[in-house]
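The figures that follow rest on heavy atoms only: side chains count, while hydrogens, waters and symmetry mates do not. Throughout, a chain's letter reflects where its sequence line sits, starting with A, and its residues are numbered from 1. Please read these numbers as outputs of a predicted model, since none were measured by experiment.
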Amino acid sequence: MAITKEDIERLADLARLNLTPEEIEKLTGDMETIINYSMNKLNELNTDDVLPMEHVLPISNVFREDICEKSFDREEILKNAPEKAEGCFLVPKVVE
Amino acid sequence: MKLTDLTASMAAEKIKKREISVIELTKAYLERIDELNGTIGAYITVCAEQALRQAESVQKKLDSGEDILPLAGIPAGLKDNICTKDVKTTCASKMLDNFLPPYDATVTKKLSESDVIVLGKLNMDEFAMGSSNENSWYMPVKNPLDHERVPGGSSGGAAAAVASHMSCFALGSDTGGSIRQPASFCGVVGLKPTYGAVSRFGLIAFASSLDQIGPITKDVVDCAMVMNIIAGHDPLDSTSVDINYPDYTTFLNNDVKGLRIGLPKEYFGSGLHEEVKEKILDAVKAYESYGAIIEEVSLPFTEYAIPAYYIISSAEASSNLARYDGIKYGYRAKEYSDIIDLYKKTRSEGFGTEVKRRIMLGTYALSSGYYDAYYKKALKVRRLIFEDFQKAYQKVDVILGPTSPATAFKLGEKTANPLEMYLGDIYTVSVNIAGLCAISLSCGFDSKGLPIGMQLIGKPFDEGTLIRAAYTYESNTGKSGVTNCGI
Amino acid sequence: MEYEVVIGLEIHAELDTRSKIYCGCTTEFGGEPNTHCCPICTGMPGVLPVLNKTVVEYAVRAGLAANCAISSFSKQDRKNYFYPDLPKAYQTSQYDLPLCKNGYLEIEVDGSVKKIGITRIHIEEDAGKLIHDESGKVSYVDYNRCGVPLIEIVTEPDMRSSAEVKAFFEKLKSILEYTSVSDCKMQEGSLRADVNLSVRPKGQKEFGTRTEIKNLNSVRAIVRAVDGEARRQISVLERNGVIVQETRRWDDEKGESYSMRDKEEAHDYRYFPEPDLTPVVVDEAWLDKIRSSIPELPDERRKRFIAEYGIPAYDAAFITGSKPLADFFEAAAKESKNAKAISNWIMGDVMKKLNDTGLEPLDMPIKPESLSRLVSLIDENVISGKIAKQVFEIMWDTGEDPADIVEKEGLKVVTDTEEIRSIVIQVISANPKSVEDYKSGKTKAIGFLVGQIMRETKGKADPQAVNRLLKEELDKL
């Protein structure tokens with residue numbers, strides 16, 4: 001299966017990445033190699049009757065009780081923020 | 001013998017007997033770091049002051065006659081994807097260069113409650129993606145045995161630090177071999193615990209269904225002692241299993257009589273280097289001589305593990321790494337026109353090439369129209385690989401094989417071809433896919449003097465048997481541990 | 001041409017748990033920005049979620065009350081998209097295996113009963129809040145709401161008018177209140193709806209192209225948005241235009257919807273099973289336990305109110321539509337001999353007050369016992385109906401007991417006939433013209449005279465006594 005430059009650009013947009021033309025070039029090749037290798041390999045197997053395995057652990061119903069715990073100090077929550085003001089994280093205006 | 005040559009168990013013994021003080025041991029390690037880290041590049045952050053302060057307080061405890069825990073006062077390093085409160089935790093990424101976690105990982109907490117001295121944070125492949133430690137944003141780590149060669153990855157800093165005696169032991173993380181392969185390349189002991197045995201809370205996620213924290217140590221005794229600290233149920237991790245965890249040191253028995261060891265024929269095929277194969281088969285013979293029963297087993301889906309692994313791990317990574325967007329923490333691009341531009345510039349400038357490649361691969365595997373053919377297919381193959389092992393374990397107690405098809409390669413040797421790099425993980429990824437435990441220990445050296453690692457793979461939550469088997473080999477050959485490496 | 005409107009709803013309800021869905025932070029509304037937060041709900045590197053058990057129980061309760069099948073096995077999935085209010089850049093939700101599915105609610109519109117299908121109910125987490133700066137250059141991000149548990153209720157496209165939508169929405173709201181699953185405070189965003197709407201020529205089988213109107217947070221806005229969007233689509237079709245499948249926002253002030261610029265152009269959410277959370281298995285024993293925790297639902301309660309308190313069907317339906325109102329009624333009616341009067345007060349003065357002040361019934365400043373005492377004061381002829389309205393106002397403002405108010409303000413009915421008689425005589429002599437009118441057969445004039453007397457007594461005179469004494473005095477002339 002051929003991976004095109006357009007595929008790479010669409011994926012980069014979905015993943016919120018800017019890629020240089022060189023990066024696109026290189027990635028198109030790398031991805032095609034990796035994906036084709038993977039798919040050719042996996043497609044050797046007929047897995048129609050196999051259930052996907054989401055978890056290797058046979059556990060379910062792991063819960064916490066509905067109990068409030070003290071929240072963190074706001075300074076701790078905000079201390080790593082690149083930009084903050086008035087107790088909030090700051091971002092460029094988001095248009096809705 | 002230098003203080004830093006001591007294994008953790010030996011040093012702990014001397015501390016208890018007052019033959020050495022915690023402070024002098026810690027200082028010895030800090031001096032060793034000063035001397036070697038510039039060349040090896042094992043540490044990203046060294047916490048000298050904090051370590052000395054902690055050492056003083058542990059020594060005080062000791063002097064006041066308080067009962068102390070088995071590894072109290074032992075200096076250790078943590079891979080830099082394990083959160084340490086108010087100590088920079090970078091994942092070796094520009095993205096998190098300035099990140100100060102506001103909380104401790106569960107294992108960090110457990111170490112400090114055990115009075116282990118934290119020396120610093122260890123270098124790694126960026127976000128644990130890589131097998132050579134060349135993907136660190138800071139610097140590549142050098143193999144202490146040959147500075148032109150890689151230490152393996154992604155816990156390359158952890159393995160190199162232990163091998164070069166810059167830390168008495170270390171905690172790494174293993175998603176597809178990231179503890180075992182560097183342990184093998186550096187000639188130390190590395191254990192990847194069963195998925196769910198060690199809390200992942202505070203481990204910065206790469207691939208959530210595969211990641212597991214584990215010890216890298218100088219010998220098997222230390223491995224068991226560290227496991228005693230870190231294994232256990234954690235209510236903060238939904239995938240942490242709530243069972244009784246044994247005292248792993250009770251498995252330190254020089255006895256494998258009747259132990260059924262399986263050799264998967266798929267692990268001895270064409271990709272395996274001759275010298276590695278030879279030494280592994282020597283180890284098999286040794287086990288036979290200790291009374292183990294050797295049987296051939298088959299893991300027919302082995303060759304599908306790598307594609308399944310790269311699809312599953314990249315898919316999870318693409319989601320796990322989406323949170324690095326320049327808003328809450330970490331790197332933020334300097335100039336941007338709007339929020340989307342902020343996201344894109346931040347992520348493009350903050351992530352390295354390999355990380356971007358995996359994010360792209362994972363995004364592809366999950367994107368609409370491809371999900372069934374890639375991601376779902378990989379999850380189905382995951383079940384087949386899981387069942388492969390289940391069948392094998394009906395016949396044998398542990399599986400033995402090489403950790404890596406070859407010994408440490410040269411820096412830059414494989415960077416041009418990512419697929420070739422990925423294929424080197426052939427013997428390790430299946431263990432993560434099936435959620436099993438596995439240990440890598442040294443079983444000799446190749447003609448270049450590079451260590452060869454053998455891997456023992458155990459049933460879920462059967463780390464005890466791995467420790468027993470590894471300890472038996474180590475006791476009889478004395479080959480494991482870098483005390484023999486002559487650094 | 002005649003058109004048929006086809007409407008389906010997606011309703012988000014915040015669950016009334018104490019703590020968030022995956023961490024121990026409080027769900028309390030308000031608070032200074034980013035003070036109800038921890039590393040888990042702000043998506044710090046390395047954190048992991050652990051599911052709040054009560055979230056599952058509340059969602060199952062809602063599912064049972066909405067006649068859903070409860071899945072014995074369900075899982076959570078990640079919905080991936082970038083937005084500043086979503087710190088992990090994925091929302092943990094449920095994709096292909098929701099907790100509840102295939103339910104329905106019955107609604108009644110213009111006397112006929114109709115079943116509205118419920119496709120699914122699933123659990124997920126709420127996002128944070130963006131506060132937009134006046135300068136227009138920056139937005140502030142507050143993660144307090146991040147991780148508050150939600151259920152999303154998705155209906156079948158079974159509704160055909162805004163009246164049906166209103167009836168369904170109110171029915172659902174009352175059920176969520178009854179089961180204590182959500183406080184349904186719409187002005188706090190606890191309950192909000194997205195409307196999916198299409199129109200088609202009457203008789204046509206296929207659905208038309210639909211649009212989605214997002215985030216409506218009042219019943220009025222929902223109704224107006226449905227009517228407005230239906231009108232817009234019909235007028236587009238009438239002009240031979242084409243409906244574009246898109247997301248729109250309703251501007252309630254302008255009374256029109258506008259197209260939203262797509263925030264996620266590709267809309268490829270890349271759902272996949274959440275590896276950090278284990279599956280949820282609801283077995284029979286747990287289901288029974290949850291079932292037994294469901295209280296009487298509105299339909300049963302309505303029937304019981306009619307039987308037990310003898311109030312008219314209309315009153316019972318109105319009052320049981322809101323759990324806090326019904327609770328209030330029941331508490332007041334239990335103490336009273338005059339349930340009908342209580343229901344009149346609730347449907348009249350109480351509702352008017354709630355509407356005027358914008359308060360939720362839950363936050364009503366008067367106690368049910370006070371209302372029932374007020375009714376007794378009227379029934380026992382201690383105060384007049386007119387005075388009672390005055391007392392009610394004071395009760396609402398001060399929360400005081402009506403008897404105390406009557407005492408303090410001196411509002412008791414004057415029954416002293418001599419006192420009344422002297423006022424009657426005074427009014428008669430002051431209004432000779434009206435007296436003359438009355439004598440000449442214009443009986444209406446008596447009303448004017450009564451009014452004058454009541455004014456003199458500030459409304460406190462016993463009206464029966466006033467009438468009797470006025471007639472007596474007039475007859476004497």
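Closest approach of B/Leu379 and A/Pro52 over heavy atoms only: CB-CB, 3.7 Å. Looking at every heavy atom in both residues, A/Met39 comes nearest to B/Ala373 through CE-O, 2.9 Å. The minimum heavy-atom distance linking B/Lys377 with A/Leu42 is given by the pair CE-O, 3.2 Å. Between B/Pro102 and A/Glu76, the closest heavy-atom pair is CB-OE1, 3.4 Å.
For A/Leu11, the parts lying near chain B are the backbone and the side chain together; criterion is any non-hydrogen pair under 4.5 Å. Residue A/Ile3 touches chain B through its side chain alone, counting heavy-atom pairs closer than 4.5 Å. Neither the backbone nor the side chain of A/Lys84 comes within contact range of chain B; no heavy atoms are under 4.5 Å apart. Heavy-atom distances place both the backbone and the side chain of B/Glu303 under 4.5 Å from chain A. Proximity to chain A is absent for every atom of B/Ala365, based on heavy atoms less than 4.5 angstrom apart. Only the side chain of B/Leu423 comes within contact range of chain A, judged by heavy atoms closer than 4.5 Å. Looking at B/Ile433, only its backbone comes within 4.5 Å of chain A, counting heavy atoms on both sides. Proximity to chain A (any heavy atom under 4.5 Å) is shown, for B/Tyr324, by neither the backbone nor the side chain. Using a 4.5 Å cut-off between heavy atoms, A/Phe72 touches chain B through its side chain atoms alone. Of the two parts of A/Asp30, only the side chain, counted from C-beta on, holds a non-hydrogen atom closer than 4.5 Å to a non-hydrogen atom of chain B. Heavy atoms closer than 4.5 Å to chain A are found nowhere in B/Tyr310, neither backbone nor side chain. For A/Asn61, no part lies near chain B; criterion is any non-hydrogen pair under 4.5 Å. Only the backbone of B/Pro101 comes within contact range of chain A, judged by heavy atoms closer than 4.5 Å. For chain A, the nearby parts of B/Leu100 are the backbone and the side chain; heavy atoms of each come within less than 4.5 Å. Looking at B/Pro235, neither its backbone nor its side chain comes within 4.5 Å of chain A, counting heavy atoms on both sides. For A/Lys41, the parts lying near chain B are the backbone and the side chain together; criterion is any non-hydrogen pair under 4.5 Å. Contacts of A/Leu51 with chain B are made by both backbone and side-chain atoms, with heavy-atom separations under 4.5 Å. With a 4.5 Å cut-off on non-hydrogen atoms, B/Ile327 touches chain A through its backbone and its side chain both. Neither the backbone nor the side chain of B/Ala333 comes within less than 4.5 Å of any heavy atom in chain A. Interface remark: B/Ser337 contributes no atoms to any contact with chain A (heavy atom separation under 4.5 Å). In this structure, no portion of B/Ser318 lies under 4.5 Å from any heavy atom of chain A.
Classification of B/Lys344 and A/Asp13 as a salt-bridged pair holds, one side-chain N sitting under 4.0 Å from a carboxylate O. Under the 4.0 Å criterion applied to side-chain N and carboxylate O atoms, A/Glu23 and B/Lys356 are assigned as salt-bridge partners.
When each of A/Asn40, A/Asp7, A/Asn43, A/Asp73 is checked for heavy-atom pairs under 4.5 Å with chain B, A/Asn43 comes out on top. Of the residues considered (B/Tyr375, B/Tyr336, B/Phe351), B/Tyr336 shows the highest number of contacts with chain A, using heavy-atom pairs under 4.5 Å. Residue with the most contacts toward chain A among B/Arg383, B/Lys345, B/Arg357: B/Arg383 (heavy-atom pairs, distance under 4.5 Å). With respect to chain A, the highest number of heavy-atom pairs below 4.5 Å among B/Ile339, B/Leu436, B/Asp86 belongs to B/Ile339.
No donor-acceptor distance shorter than 3.5 angstrom exists from the side chain of B/Arg332 to the backbone of A/Pro82, with no hydrogens or angles considered.
Atom CZ of A/Arg16 sits about 12.5 Å away from atom OG1 of B/Thr346, to the nearest 0.5 Å.
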(message) Does B/Tyr343 form a side-chain contact (heavy atoms from CB on, under 4.5 Å) with A/Leu17? I'd like the steps, not just the answer.
(response) CA-CA 8 Å; B/Tyr343 286 150; A/Leu17 291 170; over 6 Å; no

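More than 12 heavy atoms of other shown residues, nucleotides or ligands fall within 6.0 angstrom of atom NZ in A/Lys79.
Between the side chains of A/Glu44 and B/Tyr304, at least one donor N or O lies within less than 3.5 Å of an accepting N or O.
Side-chain contact check for B/Lys376 versus A/Thr47: every heavy-atom pair is 4.5 Å or farther apart.
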